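A short write-up of the structure that comes next.
The model shown is predicted, which means the values in this text are computed figures rather than measured ones. The first residue of the sequence shown is numbered 1, and numbering continues consecutively from there. Excluded from the calculations below are hydrogen atoms, water molecules and symmetry mates; all remaining heavy atoms, backbone and side chain alike, are included.
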Amino acid sequence: MTLNLQTWPEPIVRVQSLSESGIFKIPETYIKPPSQRPSLNQSKPSISPDSTRINIPVIDISGLFSAEASLHADTLDLIGSACRDWGFFQAVNHGVPVEMLRNTRETWREFFHLRMEEKQVYANSPVTYEGYGSRLGIEKGAKLDWGDYFFLNCFPESIRDMEKWPRDPVFCREYSQEMVKLGGKLMRALSLILGLKENHLQDAFGGEDFTACLRVNFYPKCPQPDLTLGLSSHSDPGGMTFLYPDENVPGLQVRRGEMWVTVETVPNAIIVNIGDQIQVLSNGRMKSVDHRVMVNSEKERVSMAYFYNPKGDIYIEPVKEFLAKEKLKPLYPRMTYNEYRLFIRMNGPRGKSQVESHKSPN
(Lines give C-alpha, C1' and ligand atoms only; values in the text may rest on other atoms or scores of the structure.)
Protein backbone atom coordinates (compact mmCIF):
# COMPACT_ATOMS: atom_id res chain seq x y z
CA MET A 1 0.00 0.00 0.00
CA THR A 2 1.35 3.42 -0.95
CA LEU A 3 1.02 5.99 1.81
CA ASN A 4 0.44 9.64 1.01
CA LEU A 5 2.26 11.89 3.45
CA GLN A 6 0.96 15.05 1.78
CA THR A 7 -2.55 14.89 3.22
CA TRP A 8 -4.42 13.38 6.13
CA PRO A 9 -6.51 10.29 5.29
CA GLU A 10 -9.75 11.88 6.50
CA PRO A 11 -11.07 15.41 7.06
CA ILE A 12 -9.54 16.97 10.16
CA VAL A 13 -11.86 17.77 13.05
CA ARG A 14 -10.52 20.06 15.76
CA VAL A 15 -11.09 18.48 19.16
CA GLN A 16 -11.45 21.91 20.75
CA SER A 17 -14.41 22.58 18.44
CA LEU A 18 -16.06 19.34 19.53
CA SER A 19 -15.52 20.20 23.17
CA GLU A 20 -16.93 23.71 22.81
CA SER A 21 -19.96 22.52 20.82
CA GLY A 22 -21.64 21.27 24.00
CA ILE A 23 -21.78 17.56 23.10
CA PHE A 24 -22.54 15.09 25.89
CA LYS A 25 -21.10 12.05 24.11
CA ILE A 26 -17.83 11.84 22.24
CA PRO A 27 -17.83 10.55 18.64
CA GLU A 28 -17.11 6.85 18.16
CA THR A 29 -13.74 7.55 16.55
CA TYR A 30 -12.38 8.81 19.91
CA ILE A 31 -13.61 5.87 22.00
CA LYS A 32 -10.70 3.61 22.89
CA PRO A 33 -10.92 -0.19 23.21
CA PRO A 34 -11.75 -1.21 26.81
CA SER A 35 -8.20 -2.39 27.52
CA GLN A 36 -6.82 1.09 26.69
CA ARG A 37 -9.25 3.21 28.66
CA PRO A 38 -7.90 5.17 31.63
CA SER A 39 -10.64 3.86 33.93
CA LEU A 40 -8.59 0.65 34.10
CA ASN A 41 -5.47 2.30 35.45
CA GLN A 42 -5.80 0.77 38.93
CA SER A 43 -7.02 -2.69 37.85
CA LYS A 44 -3.58 -4.30 38.05
CA PRO A 45 -1.68 -5.25 41.22
CA SER A 46 0.09 -2.37 42.92
CA ILE A 47 3.85 -2.31 43.35
CA SER A 48 3.42 -0.67 46.74
CA PRO A 49 0.93 -1.06 49.61
CA ASP A 50 0.22 2.66 49.22
CA SER A 51 -0.17 2.99 45.46
CA THR A 52 -1.47 6.56 45.67
CA ARG A 53 1.97 7.74 46.79
CA ILE A 54 3.97 6.20 43.94
CA ASN A 55 5.56 8.87 41.81
CA ILE A 56 8.39 9.17 39.33
CA PRO A 57 11.72 10.17 40.95
CA VAL A 58 12.26 13.83 41.81
CA ILE A 59 15.91 14.84 41.41
CA ASP A 60 17.67 18.06 42.34
CA ILE A 61 20.00 18.35 39.35
CA SER A 62 21.89 21.40 40.62
CA GLY A 63 24.60 18.91 41.59
CA LEU A 64 25.44 18.58 37.91
CA PHE A 65 26.67 22.17 37.99
CA SER A 66 28.60 21.80 41.26
CA ALA A 67 32.39 21.74 41.60
CA GLU A 68 31.99 19.40 44.57
CA ALA A 69 32.96 15.98 43.19
CA SER A 70 30.89 13.92 45.64
CA LEU A 71 27.73 15.93 45.01
CA HIS A 72 28.24 15.66 41.24
CA ALA A 73 28.73 11.89 41.51
CA ASP A 74 25.67 11.46 43.74
CA THR A 75 23.54 13.38 41.24
CA LEU A 76 24.77 11.19 38.38
CA ASP A 77 23.87 8.10 40.42
CA LEU A 78 20.33 9.38 40.99
CA ILE A 79 19.82 10.23 37.32
CA GLY A 80 21.27 6.89 36.21
CA SER A 81 18.99 4.97 38.54
CA ALA A 82 15.93 6.88 37.33
CA CYS A 83 16.84 6.31 33.66
CA ARG A 84 17.30 2.57 34.22
CA ASP A 85 14.31 1.95 36.47
CA TRP A 86 11.72 4.47 35.34
CA GLY A 87 12.87 6.18 32.15
CA PHE A 88 11.42 9.34 33.74
CA PHE A 89 12.28 11.84 36.45
CA GLN A 90 11.27 15.33 37.54
CA ALA A 91 14.19 17.74 37.47
CA VAL A 92 14.15 20.53 40.06
CA ASN A 93 16.69 23.31 40.44
CA HIS A 94 17.34 22.87 36.73
CA GLY A 95 18.50 26.43 36.10
CA VAL A 96 15.75 27.31 33.59
CA PRO A 97 13.93 30.55 34.56
CA VAL A 98 10.55 29.46 35.90
CA GLU A 99 8.76 32.72 35.05
CA MET A 100 9.83 32.31 31.43
CA LEU A 101 8.47 28.74 31.37
CA ARG A 102 5.11 29.85 32.76
CA ASN A 103 4.81 32.82 30.44
CA THR A 104 5.63 30.70 27.39
CA ARG A 105 3.03 28.08 28.30
CA GLU A 106 0.34 30.66 28.96
CA THR A 107 1.15 32.46 25.71
CA TRP A 108 0.51 29.20 23.88
CA ARG A 109 -2.74 28.76 25.80
CA GLU A 110 -3.80 32.10 24.37
CA PHE A 111 -3.07 30.81 20.88
CA PHE A 112 -5.47 27.91 21.29
CA HIS A 113 -8.19 30.34 22.31
CA LEU A 114 -7.87 32.41 19.16
CA ARG A 115 -10.66 32.26 16.59
CA MET A 116 -10.57 29.09 14.52
CA GLU A 117 -9.92 30.92 11.25
CA GLU A 118 -6.79 32.47 12.77
CA LYS A 119 -5.46 29.08 13.86
CA GLN A 120 -6.35 27.34 10.62
CA VAL A 121 -3.75 29.46 8.81
CA TYR A 122 -1.17 27.20 10.47
CA ALA A 123 -2.86 23.85 9.72
CA ASN A 124 -0.31 21.06 9.31
CA SER A 125 0.18 17.99 7.13
CA PRO A 126 1.79 14.58 7.81
CA VAL A 127 4.91 15.60 5.86
CA THR A 128 6.56 17.35 8.82
CA TYR A 129 3.68 17.80 11.30
CA GLU A 130 4.81 21.42 11.58
CA GLY A 131 1.93 23.69 12.51
CA TYR A 132 -1.52 23.30 14.04
CA GLY A 133 -2.66 19.69 14.22
CA SER A 134 -5.19 17.28 15.67
CA ARG A 135 -4.01 13.77 14.85
CA LEU A 136 -0.93 11.58 14.68
CA GLY A 137 -0.41 8.75 12.21
CA ILE A 138 -1.99 8.43 8.78
CA GLU A 139 -3.84 5.17 9.17
CA LYS A 140 -7.38 5.58 7.85
CA GLY A 141 -10.08 4.77 10.37
CA ALA A 142 -7.70 4.85 13.35
CA LYS A 143 -8.97 5.64 16.83
CA LEU A 144 -8.08 9.27 17.51
CA ASP A 145 -6.87 11.08 20.62
CA TRP A 146 -8.77 13.83 22.41
CA GLY A 147 -6.34 16.66 21.85
CA ASP A 148 -5.02 19.33 19.50
CA TYR A 149 -1.41 20.46 19.27
CA PHE A 150 1.05 22.85 17.69
CA PHE A 151 4.33 21.41 16.41
CA LEU A 152 7.45 23.40 15.53
CA ASN A 153 10.90 22.47 14.29
CA CYS A 154 13.33 24.52 16.37
CA PHE A 155 16.89 23.41 15.57
CA PRO A 156 18.69 23.71 13.27
CA GLU A 157 17.17 26.93 11.99
CA SER A 158 17.45 25.66 8.42
CA ILE A 159 14.61 23.16 8.94
CA ARG A 160 12.14 25.70 10.27
CA ASP A 161 9.12 26.52 8.16
CA MET A 162 8.62 30.14 9.16
CA GLU A 163 5.17 30.20 7.54
CA LYS A 164 4.08 27.83 10.30
CA TRP A 165 5.46 29.96 13.11
CA PRO A 166 2.61 32.02 14.55
CA ARG A 167 3.17 35.76 14.62
CA ASP A 168 0.73 36.25 17.45
CA PRO A 169 1.75 34.84 19.86
CA VAL A 170 5.42 35.01 18.92
CA PHE A 171 7.23 31.79 19.79
CA CYS A 172 9.62 32.36 22.67
CA ARG A 173 13.13 31.74 21.35
CA GLU A 174 14.53 32.12 24.85
CA TYR A 175 12.55 29.04 25.87
CA SER A 176 14.05 26.98 23.05
CA GLN A 177 17.56 28.17 23.85
CA GLU A 178 17.13 27.23 27.51
CA MET A 179 15.89 23.75 26.60
CA VAL A 180 18.90 23.23 24.34
CA LYS A 181 21.25 24.22 27.16
CA LEU A 182 19.50 21.78 29.50
CA GLY A 183 19.72 19.07 26.85
CA GLY A 184 23.46 19.55 26.46
CA LYS A 185 24.00 19.26 30.22
CA LEU A 186 21.97 16.09 30.50
CA MET A 187 23.59 14.50 27.45
CA ARG A 188 26.97 14.97 29.14
CA ALA A 189 25.56 13.46 32.33
CA LEU A 190 24.17 10.40 30.52
CA SER A 191 27.51 9.83 28.76
CA LEU A 192 29.33 9.79 32.10
CA ILE A 193 26.70 7.48 33.60
CA LEU A 194 27.37 4.99 30.80
CA GLY A 195 31.10 5.20 31.45
CA LEU A 196 31.78 7.12 28.23
CA LYS A 197 33.58 10.36 27.49
CA GLU A 198 31.50 13.39 28.36
CA ASN A 199 30.70 14.36 24.76
CA HIS A 200 30.11 10.84 23.42
CA LEU A 201 26.32 10.84 23.21
CA GLN A 202 26.18 14.39 21.88
CA ASP A 203 28.64 13.42 19.15
CA ALA A 204 26.48 10.38 18.37
CA PHE A 205 23.56 12.79 17.86
CA GLY A 206 25.61 14.75 15.30
CA GLY A 207 27.42 17.14 17.65
CA GLU A 208 26.16 20.67 17.04
CA ASP A 209 24.00 19.35 14.19
CA PHE A 210 21.45 17.72 16.53
CA THR A 211 17.77 18.50 15.95
CA ALA A 212 15.12 19.81 18.34
CA CYS A 213 11.40 20.41 18.11
CA LEU A 214 8.47 21.52 20.22
CA ARG A 215 4.99 20.10 20.59
CA VAL A 216 2.52 22.21 22.55
CA ASN A 217 -0.36 20.01 23.67
CA PHE A 218 -3.90 21.31 24.18
CA TYR A 219 -6.33 18.87 25.81
CA PRO A 220 -9.85 20.37 25.86
CA LYS A 221 -12.55 19.41 28.35
CA CYS A 222 -14.04 16.01 27.53
CA PRO A 223 -17.61 14.92 28.43
CA GLN A 224 -16.54 11.24 28.70
CA PRO A 225 -12.92 11.18 29.91
CA ASP A 226 -13.19 7.54 30.96
CA LEU A 227 -13.61 6.43 27.34
CA THR A 228 -10.68 8.16 25.64
CA LEU A 229 -7.16 9.53 26.02
CA GLY A 230 -5.55 12.87 25.28
CA LEU A 231 -2.53 11.01 23.91
CA SER A 232 -2.35 7.25 23.46
CA SER A 233 0.30 5.04 25.01
CA HIS A 234 3.69 5.55 23.35
CA SER A 235 7.39 5.95 23.96
CA ASP A 236 9.04 9.02 22.48
CA PRO A 237 10.94 8.22 19.26
CA GLY A 238 13.74 10.75 19.74
CA GLY A 239 16.53 11.27 22.26
CA MET A 240 15.18 13.04 25.34
CA THR A 241 11.99 14.94 26.11
CA PHE A 242 11.60 17.91 28.46
CA LEU A 243 7.99 18.40 29.49
CA TYR A 244 6.69 21.49 31.22
CA PRO A 245 3.27 20.33 32.42
CA ASP A 246 0.09 22.02 33.49
CA GLU A 247 0.66 21.68 37.23
CA ASN A 248 -2.99 22.45 38.01
CA VAL A 249 -4.44 19.56 35.99
CA PRO A 250 -2.94 16.07 36.37
CA GLY A 251 -2.93 13.97 33.23
CA LEU A 252 0.42 12.32 32.48
CA GLN A 253 0.58 8.61 33.28
CA VAL A 254 3.74 6.48 33.14
CA ARG A 255 3.72 2.69 32.88
CA ARG A 256 5.28 0.98 35.85
CA GLY A 257 5.24 -2.78 35.41
CA GLU A 258 1.61 -3.79 35.10
CA MET A 259 0.08 -0.52 36.24
CA TRP A 260 -0.18 3.13 35.22
CA VAL A 261 1.17 5.74 37.61
CA THR A 262 -0.40 9.20 37.47
CA VAL A 263 2.45 11.69 37.82
CA GLU A 264 2.12 14.09 40.73
CA THR A 265 3.85 17.17 39.38
CA VAL A 266 6.26 19.09 41.56
CA PRO A 267 6.02 22.90 41.32
CA ASN A 268 8.49 24.39 38.84
CA ALA A 269 9.88 20.99 37.82
CA ILE A 270 10.68 19.90 34.27
CA ILE A 271 9.76 16.29 33.57
CA VAL A 272 12.58 14.50 31.72
CA ASN A 273 12.13 11.21 29.90
CA ILE A 274 14.39 8.97 27.86
CA GLY A 275 13.50 8.46 24.18
CA ASP A 276 13.97 5.46 21.90
CA GLN A 277 17.27 6.74 20.46
CA ILE A 278 18.95 6.85 23.88
CA GLN A 279 17.61 3.37 24.55
CA VAL A 280 19.25 2.18 21.33
CA LEU A 281 22.57 3.96 21.99
CA SER A 282 22.73 2.53 25.52
CA ASN A 283 21.74 -0.93 24.22
CA GLY A 284 18.70 -0.93 26.48
CA ARG A 285 20.54 0.13 29.65
CA MET A 286 18.49 3.31 29.72
CA LYS A 287 14.87 2.76 28.79
CA SER A 288 12.22 4.74 26.99
CA VAL A 289 8.96 4.01 28.76
CA ASP A 290 5.30 3.90 27.78
CA HIS A 291 3.35 6.96 28.81
CA ARG A 292 -0.04 8.41 27.97
CA VAL A 293 -2.25 11.37 28.84
CA MET A 294 -5.68 11.40 30.47
CA VAL A 295 -8.24 14.13 29.84
CA ASN A 296 -10.56 15.96 32.21
CA SER A 297 -14.27 16.71 32.15
CA GLU A 298 -13.96 20.03 33.98
CA LYS A 299 -10.63 21.56 32.98
CA GLU A 300 -8.53 21.99 29.85
CA ARG A 301 -4.84 21.15 30.01
CA VAL A 302 -1.83 22.74 28.26
CA SER A 303 1.71 21.33 28.30
CA MET A 304 4.93 21.91 26.35
CA ALA A 305 7.07 18.98 25.24
CA TYR A 306 10.54 19.81 23.89
CA PHE A 307 12.26 16.99 22.01
CA TYR A 308 16.07 16.80 21.89
CA ASN A 309 16.89 14.51 18.96
CA PRO A 310 19.69 13.22 16.72
CA LYS A 311 20.45 14.68 13.32
CA GLY A 312 17.99 13.09 10.92
CA ASP A 313 20.42 11.37 8.55
CA ILE A 314 22.95 10.12 11.11
CA TYR A 315 23.00 6.42 11.92
CA ILE A 316 22.06 5.47 15.47
CA GLU A 317 23.24 2.15 16.90
CA PRO A 318 24.44 0.78 20.26
CA VAL A 319 27.69 2.49 21.28
CA LYS A 320 30.55 0.12 20.45
CA GLU A 321 32.70 1.31 23.37
CA PHE A 322 29.85 0.61 25.78
CA LEU A 323 29.27 -2.84 24.28
CA ALA A 324 32.96 -3.71 24.56
CA LYS A 325 33.20 -2.48 28.13
CA GLU A 326 30.12 -4.41 29.25
CA LYS A 327 30.84 -7.41 26.97
CA LEU A 328 27.41 -7.17 25.36
CA LYS A 329 25.96 -7.99 21.96
CA PRO A 330 24.07 -5.19 20.18
CA LEU A 331 20.31 -5.43 20.63
CA TYR A 332 19.42 -3.01 17.83
CA PRO A 333 20.51 -2.59 14.19
CA ARG A 334 21.77 0.75 12.92
CA MET A 335 19.10 3.05 11.52
CA THR A 336 18.87 6.75 10.81
CA TYR A 337 16.51 8.83 12.91
CA ASN A 338 14.71 9.89 9.72
CA GLU A 339 14.00 6.25 8.87
CA TYR A 340 12.72 5.54 12.36
CA ARG A 341 10.64 8.71 12.49
CA LEU A 342 8.95 7.84 9.19
CA PHE A 343 8.06 4.43 10.61
CA ILE A 344 6.45 6.14 13.62
CA ARG A 345 4.68 8.69 11.45
CA MET A 346 2.99 6.00 9.37
CA ASN A 347 1.81 4.02 12.38
CA GLY A 348 1.05 6.57 15.07
CA PRO A 349 1.50 5.95 18.83
CA ARG A 350 1.60 2.21 19.66
CA GLY A 351 3.18 1.81 23.06
CA LYS A 352 6.66 0.31 23.14
CA SER A 353 6.00 -1.93 20.14
CA GLN A 354 7.71 0.51 17.78
CA VAL A 355 11.24 0.31 19.19
CA GLU A 356 10.92 -3.31 20.32
CA SER A 357 9.99 -4.39 16.78
CA HIS A 358 13.45 -3.28 15.63
CA LYS A 359 15.36 -5.50 18.03
CA SER A 360 17.92 -7.79 16.44
CA PRO A 361 16.76 -11.42 16.30
CA ASN A 362 19.81 -12.59 18.25
_Under 4.5 Å between side-chain heavy atoms, counting indirect links through other Ile/Leu/Val/Met/Phe/Trp/Tyr residues: same cluster for W86 and V58 or not?_
no
*Are side-chain heavy atoms of N268 and L101 found at a separation under 4.5 Å?*
no
*Any chance the side chains of E339 and Y315 put a donor and an acceptor closer than 3.5 Å?*
no
*Give a yes or no on whether the ring-centroid distance for Y132 and F151 is below 6.0 angstrom.*
no
*Mind checking whether E300 and V249 have side chains closer than 4.5 Å, heavy atoms only?*
no
*Is the backbone of M100 close enough, under 3.5 Å, to the side chain of T104 for a donor and an acceptor to pair up by distance?*
yes
*F210 and Y308: ring-ring contact (aromatic ring centres under 6.0 Å, His included), yes or no, with the steps?*
CA-CA 8 Å; F210 70 96; Y308 194 94; 4.7 Å; yes
*Please, which pairs that meet side-chain hydrogen bond (donor to acceptor under 3.5 Å, both in side chains) have at least one residue in residues 240-251, sequence neighbours excluded?*
R105-E247, R109-D246, D236-T241
*Is there a side-chain contact between M240 and M187 (heavy atoms, below 4.5 Å)?*
yes
*Write down the atom of N93, the atom of I61, and the distance for their closest heavy-atom approach.*
O-CG1, 3.8 Å
_How long is the straight-line distance from OG of S176 back to CZ of R173, given to the nearest 0.5 Å?_
9.0 Å
*Non-hydrogen side-chain atoms of L231 and R215 separated by less than 4.5 Å*: yes
*Could you pull out the closest heavy-atom pair between L78 and I59, with the gap in Å?*
O-CD1, 3.5 Å
*Result of checking P34, P33, P38 against Q36 for side chain to side chain contact (heavy atoms under 4.5 Å, CB included)*: P33
*If you look at every heavy atom in Y219 and G147, which pair is closest and at what distance?*
CD2-CA, 4.1 Å
*asked:* Do Y337 and N309 pair up side chain to side chain, a donor and an acceptor below 3.5 Å, judged on atom types alone?
replied: yes
*Any side-chain heavy atom of W260 within less than 4.5 Å of one from D290?*
yes
*Aromatic F65 / basic K185 pairing, under 6.0 angstrom, 45° off normal*: yes
*If you measure only the distance, is there a donor-acceptor pair under 3.5 Å linking the side chains of S66 and E68?*
no
*Would a hydrophobic clustering, with Ile, Leu, Val, Met, Phe, Trp and Tyr connected at side-chain separations under 4.5 Å, put V180 with V272?*
yes
_Joint cluster assignment, L136 & Y30, ILVMFWY side-chain distance < 4.5 Å_ = yes
*Ignoring hydrogens and angles, state whether a donor on the side chain of N153 or E130 is under 3.5 Å from an acceptor on the partner side chain.*
yes
*Assess the side chains of S288 and D276: does a donor N or O sit below 3.5 Å from an acceptor N or O?*
yes
*Quick one: closest heavy-atom pair of R14 and S134, and the distance?*
NH1-OG, 2.9 Å
*Are R84 and S81 side-chain neighbours, meaning at least one heavy-atom pair lies under 4.5 Å?*
yes
_When you measure from the side chain of S297 to the backbone of P225, do you find a donor-acceptor pair of N or O atoms at a distance under 3.5 Å?_
no
*Within 45° of the ring axis of F155 and under 6.0 Å from its six-membered ring centre, is that where the NZ or CZ of R160 lies?*
yes
*Taking all non-hydrogen atoms of both residues into account, name the closest pair between T211 and K311 and its distance.*
CG2-CA, 4.0 Å
*Is K143 paired with E28 through a side-chain N to carboxylate O contact shorter than 4.0 Å?*
yes
*Determine whether W146 and I26 make a side-chain contact, defined as any pair of heavy atoms from C-beta on separated by less than 4.5 Å.*
yes
*asked:* Less than 6.0 angstrom separating the ring centers of F111 and F150, yes or no?
replied: yes
_Side-chain H-bond candidate by donor/acceptor type, S232 with K32, under 3.5 Å_ = yes
*Which atoms form the tightest heavy-atom contact between Y149 and R135, and what is the distance?*
OH-O, 2.9 Å
_If we count only N and O atoms by modelled type, under 3.5 Å, do the side chains of S62 and D60 hold a donor and an acceptor together?_
yes
*Residue pair L192 / E198, side-chain heavy-atom distance below 4.5 Å*: yes
*Can you measure from CG (L190) to CD1 (I274) and round to the nearest 0.5 angstrom?*
5.0 Å
*Electrostatic pair R255:E258 at N-O distance under 4.0 angstrom*: no
*Short side-chain to backbone donor-acceptor contact, E298 and K221, under 3.5 Å*: no
